[in-house]
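To start, the structure itself, in structure tokens.
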Amino acid sequence: MESFFVFYMSFYSILFHFLVFNEATPWARRHCQQITKGYDCNDMDLQSIPDEIPNSVQILQFSFNYLPALYNSTFQRLKSLRSLDVTRCSITFIYEDVFTYQPHLEVLLLTGNPLVFIASTAFSGPLALKYLSLVQSKIKQLSDIPSENLAYLEVLDLRGSNIRSLNGLSNFRWQNLKSLQLDLNFIDRISFNDLQPFSNLAGVSISFKGNDFIYIEPGAFHSLNLSSLDFSGCLNKMNISSLLKGLEGIKTNRLNLGLYETDSNVYIASAALQSFCNIFVSDLDFQLQHFLDLNNSTFHCLEGLKKLDLTRAHLNALPLNTTGLSTLSHLILDENQFKDVCQSNTRNFPMLTHLSISGNLKKLTFSNRCLDSLGLLEELDLSVSLVNPREPCCNNQLFGLGELKLLNLSYGSPMFWSSKPFNVTPKLEHLDFSHSVYTLLNDSSPFSNLQSLRTLNLSWSNTDLTNVHLFVGLKALQHLNLRGNAIQGEVLTQTELFKCVPLLETLVLSACKITSFDENLFKGLRHLNHIDLSENKFVKLSTSGFYSLDFLKLNFARNDITTVDVASVADLGEEGSVDLSYNPLVCNCSNFEFIHWVKKNKVKVKHLMETFCNGTGTRIIDAKLQCDLPVGVLVFCAVLAAVLLASAIFLLIRRVRKYSIYTNL
Ligand SMILES: *[C@@H]1O[C@H](CO)[C@@H](O)[C@H](O)[C@H]1NC(C)=O
Ligand SMILES: *[C@@H]1O[C@H](CO)[C@@H](O)[C@H](O)[C@H]1NC(C)=O
Ligand SMILES: *[C@@H]1O[C@H](CO)[C@@H](O)[C@H](O)[C@H]1NC(C)=O
Ligand SMILES: *[C@@H]1O[C@H](CO)[C@@H](O)[C@H](O)[C@H]1NC(C)=O
Ligand SMILES: *[C@@H]1O[C@H](CO)[C@@H](O)[C@H](O)[C@H]1NC(C)=O
Ligand SMILES: *[C@@H]1O[C@H](CO)[C@@H](O)[C@H](O)[C@H]1NC(C)=O
Ligand SMILES: *[C@@H]1O[C@H](CO)[C@@H](O)[C@H](O)[C@H]1NC(C)=O
Ligand SMILES: *[C@@H]1O[C@H](CO)[C@@H](O)[C@H](O)[C@H]1NC(C)=O
Ligand SMILES: *[C@@H]1O[C@H](CO)[C@@H](O)[C@H](O)[C@H]1NC(C)=O
Ligand SMILES: *[C@@H]1O[C@H](CO)[C@@H](O)[C@H](O)[C@H]1NC(C)=O
Ligand SMILES: *[C@@H]1O[C@H](CO)[C@@H](O)[C@H](O)[C@H]1NC(C)=O
């Protein structure tokens, strides 16, 4: 019965597929597409607003079309516009009263237009324009932007224009300003008077990134109260002491003084940093800088700093008794040249909650007890640093880190683990040991004290999965990554292995050279919703070993599966799915039922576009199969025919009898 039904449905679904396919022809992109509250007409070579756009449109995306000039008639009928994007439409002239009839316009993107002229009443009409982008629009001076009608502007984005000075800032009314982006212009000086328009504002972000300043008046930023200030990549023509003198008196949450790879080297003298005694900042970025004469008082004016980013600052040590950073909570020392974790001299930073020495350019030794004053540390990232504890890890090295929640030792050097290696960090929630290799000395349950651990990444770590005690104690574990740990014997039979991790939700066992697993291995994992068994050597899709398929996402991509028994996927629930991409699936009648199921359950098949018939470029959903009816259907039809025939004969005989009774009367 079922296969008959299947056959019937397949006829309809193929017909349906054909109809749908016919409608979505590739040359159909002659219409704007409807999006929420609006239309997307991007990149259609349009020279005017097409008639199909209703007057009531609120959002219009119209970039990459051709509108060399905007007139008062261009958008006239679109009276409900709130957001208009005319990026790269070759606009050179914006004439009078273009938006007179758009009182609700709030967002206007004029990015990438070679503007030559903007009429003084170009922006009259909108009651409260909030976001104006003139990115890469060849604007030469701020006074070329008609400021009359921009009183409610929150964001003015002028990145990559041709602006040479801040003249004209005072024409604007900035009372609602949140962000002014002047990145990559040609501004070379800033005076105290230039910035007076911002003196009564608070919480504004200003970016001067990538301008080559020559002169900033000392105290130019005096008494400004900003949210963030970006002066990264601005030191090609000016030294940092002049810049910092200009910033004296400012208060800003974030200050970026970093450089980029294309910038010339900058050497910061400790004396220059004296200016920080008059700068109030909580988050400071010195990426790619050089420190000329780092000593224990270099940072002494940075008392109060919360976050310091010294990524690639050419450091091989921080000074032993640094003064001034005692309130620091985040310290980033990535991509430097430390020899030992101890050279970070973290005793100076007792309030630290986050420390990162990732991507160190040298093999990083991890000596004992050098972080022991960091009793508040929550996250320690020593990844990609070939971190190398010379003695068995990790209790001596992590001594004192009782509050640690995240430890990243990925891409480290091979190491030995002492018994209970994480005994001093019992509050760990995330442990990443990917691409690091460890050897257990004499304890088969290294994690048994980690009752709060939620994520454990042991991918590519030579983990021995025949040790059934490995995960003992991990009561709260939700995500376990075991990718790239080859299974001896290629069959996972250790049914005890996952018994101690009852809350597991995600399990990655990809690239483990597995051919099959014991039916009972995963049965106890009631919360499992992701299992990744990709890049193994399975020849069969086996799903009977899981607690439930209601919400399970199965990944069997890149295995050796040729045919799939449709019964193994039939029970996948609404939230369940299967990924069989890059398997050598055969597209002949042996797989007819499965392929048919796929066509009906596209949402449950992940990476469908990469799921091919082996050896051909055909996707299995495009496979055209002409298969004889299965034997079941034939039998069913035969029985049905027989029943119909029998009842017909029966009725006929009854009629004939009745008739003959009547005629006999
Ligand atoms: C558009 O501008 C022209 C010329 O300035 C004017 O004659 C016309 O009335 C304006 N149209 C509208 C709808 O404002
Ligand atoms: C600066 O502005 C913030 C609001 O963004 C405010 O909380 C703070 O008190 C202001 N500080 C000064 C010194 O004005
Ligand atoms: C920085 O530049 C200013 C102005 O050019 C100059 O007076 C000053 O000596 C320079 N300071 C340093 C440390 O080079
Ligand atoms: C730190 O270096 C600066 C500049 O070289 C020097 O003036 C200062 O005396 C040094 N401080 C200490 C405590 O050595
Ligand atoms: C660092 O400070 C400690 C105590 O504050 C002191 O005992 C030690 O001598 C100092 N070391 C240096 C090199 O100044
Ligand atoms: C800084 O270093 C100098 C000499 O190197 C030393 O005399 C001074 O005590 C140190 N300062 C602190 C706070 O440790
Ligand atoms: C550990 O560091 C690596 C490399 O920096 C990164 O990819 C990974 O996401 C980090 N792990 C965690 C848990 O943050
Ligand atoms: C680990 O081995 C060492 C030396 O072989 C031994 O002293 C220690 O008791 C062992 N620890 C455990 C937990 O077995
Ligand atoms: C290890 O796995 C965790 C959780 O799946 C993930 O967040 C982290 O990025 C992985 N680490 C690496 C180095 O890929
Ligand atoms: C389908 O192809 C496979 C592998 O090529 C073959 O073993 C099987 O017999 C074929 N089935 C049918 C019904 O042709
Ligand atoms: C899949 O196709 C490749 C290349 O055509 C062929 O070598 C291989 O034997 C096929 N595998 C199966 C299982 O049919």
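Counting starts at 1 for both ligands and their atoms, following the listed order. Heavy-atom basis, side chains included; hydrogens, waters and symmetry copies ignored.
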> Looking at Val341, Leu318, Asp381, which hits side-chain contact (heavy atoms from CB on, under 4.5 Å) with Leu333?
Replying inline: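 Between Leu333 and the candidates, side-chain contact (heavy atoms from CB on, under 4.5 Å) is satisfied uniquely by Leu318.
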> Under 6.0 Å from the NZ atom of Lys237, do we count more than 12 heavy atoms belonging to anything else shown?
Replying inline: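 No.
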> Are a donor atom and an acceptor atom from the side chains of Ser191 and Asn193 found within less than 3.5 Å of each other?
Replying inline: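 The answer is no; no qualifying pair exists.
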>> Under 3.5 Å, is there a donor on one side chain and an acceptor on the other for Asn236 and Asp212?
In response: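 Side chains of Asn236 and Asp212: pair found under 3.5 Å.
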What is the nearest protein non-hydrogen atom to [atom], stated with its residue, atom name and distance?
atom: atom 4 (C) of ligand 2; answer: Ala202 CB, 4.1 Å
atom: atom 3 (C) of ligand 4; answer: Asn295 ND2, 3.4 Å
atom: atom 13 (C) of ligand 2; answer: Lys251 CD, 3.6 Å
atom: atom 14 (O) of ligand 2; answer: Asn225 ND2, 2.9 Å

> salt bridge (charged side-chain N to carboxylate O under 4.0 Å, His left out) between Arg347 and Asp372: does it pass, once the steps are laid out?
Replying inline: CA-CA 8 Å; Arg347 288 202 177 93; Asp372 63 356; 3.5 Å; yes
>> Within ligand 2, which atoms have a heavy atom of Gly203 less than 4.0 Å away?
In response: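 That gives atoms 5 (O) of ligand 2.
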> What are the atoms of ligand 6, with element, lying closer than 4.0 Å to any heavy atom of Thr323?
Replying inline: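 The atoms of ligand 6 under 4.0 Å from a heavy atom of Thr323 are 13 (C).
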> With atoms numbered from 1 as shown, which atoms in ligand 6 lie under 4.0 angstrom from a non-hydrogen atom of Asn321?
Replying inline: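 Taking each heavy atom of Asn321 in turn, ligand 6 has 12 (C), 14 (O) under 4.0 Å.
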>> If we count only non-hydrogen protein atoms and require a distance under 4.0 Å, does atom 7 (O) of ligand 4 qualify as touching the protein?
In response: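 When distances to the protein are checked, atom 7 (O) of ligand 4 has no heavy atom within 4.0 Å.
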>> My question is simple, although I want it checked carefully: is atom 11 (N) of ligand 4 less than 4.0 angstrom from any protein heavy atom?
In response: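 So far as the 4.0 Å threshold goes, atom 11 (N) of ligand 4 is in reach of a protein heavy atom.
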> Going by the atom numbers of ligand 4, which of them fall below 4.0 Å from some non-hydrogen atom of Asp293?
Replying inline: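 In order of numbering, the contacting atoms are 4 (C), 5 (O).
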> Which atoms from ligand 4 have a heavy atom of Asn296 less than 4.0 Å away?
Replying inline: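 Ligand 4 atoms under the 4.0 Å threshold to Asn296: 12 (C), 13 (C).
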>> With a 6.0 Å cut-off on the ring centroids, do Phe75 and Phe62 count as close?
In response: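 No, ring centres 6.0 Å or more apart.
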>> Any heavy atom of Ala271 closer to ligand 4 than 4.0 angstrom?
In response: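 Not so, Ala271 does not reach ligand 4.
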> Taking C-beta and beyond as the side chain, do Asn395 and Ser418 meet within less than 4.5 Å on heavy atoms?
Replying inline: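 Yes, their side chains come closer than 4.5 Å.
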> Are any of the side-chain nitrogens in Arg454 or Glu429 under 4.0 Å away from the carboxylate oxygens of its partner?
Replying inline: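 The answer is yes: the pair qualifies as a salt bridge.
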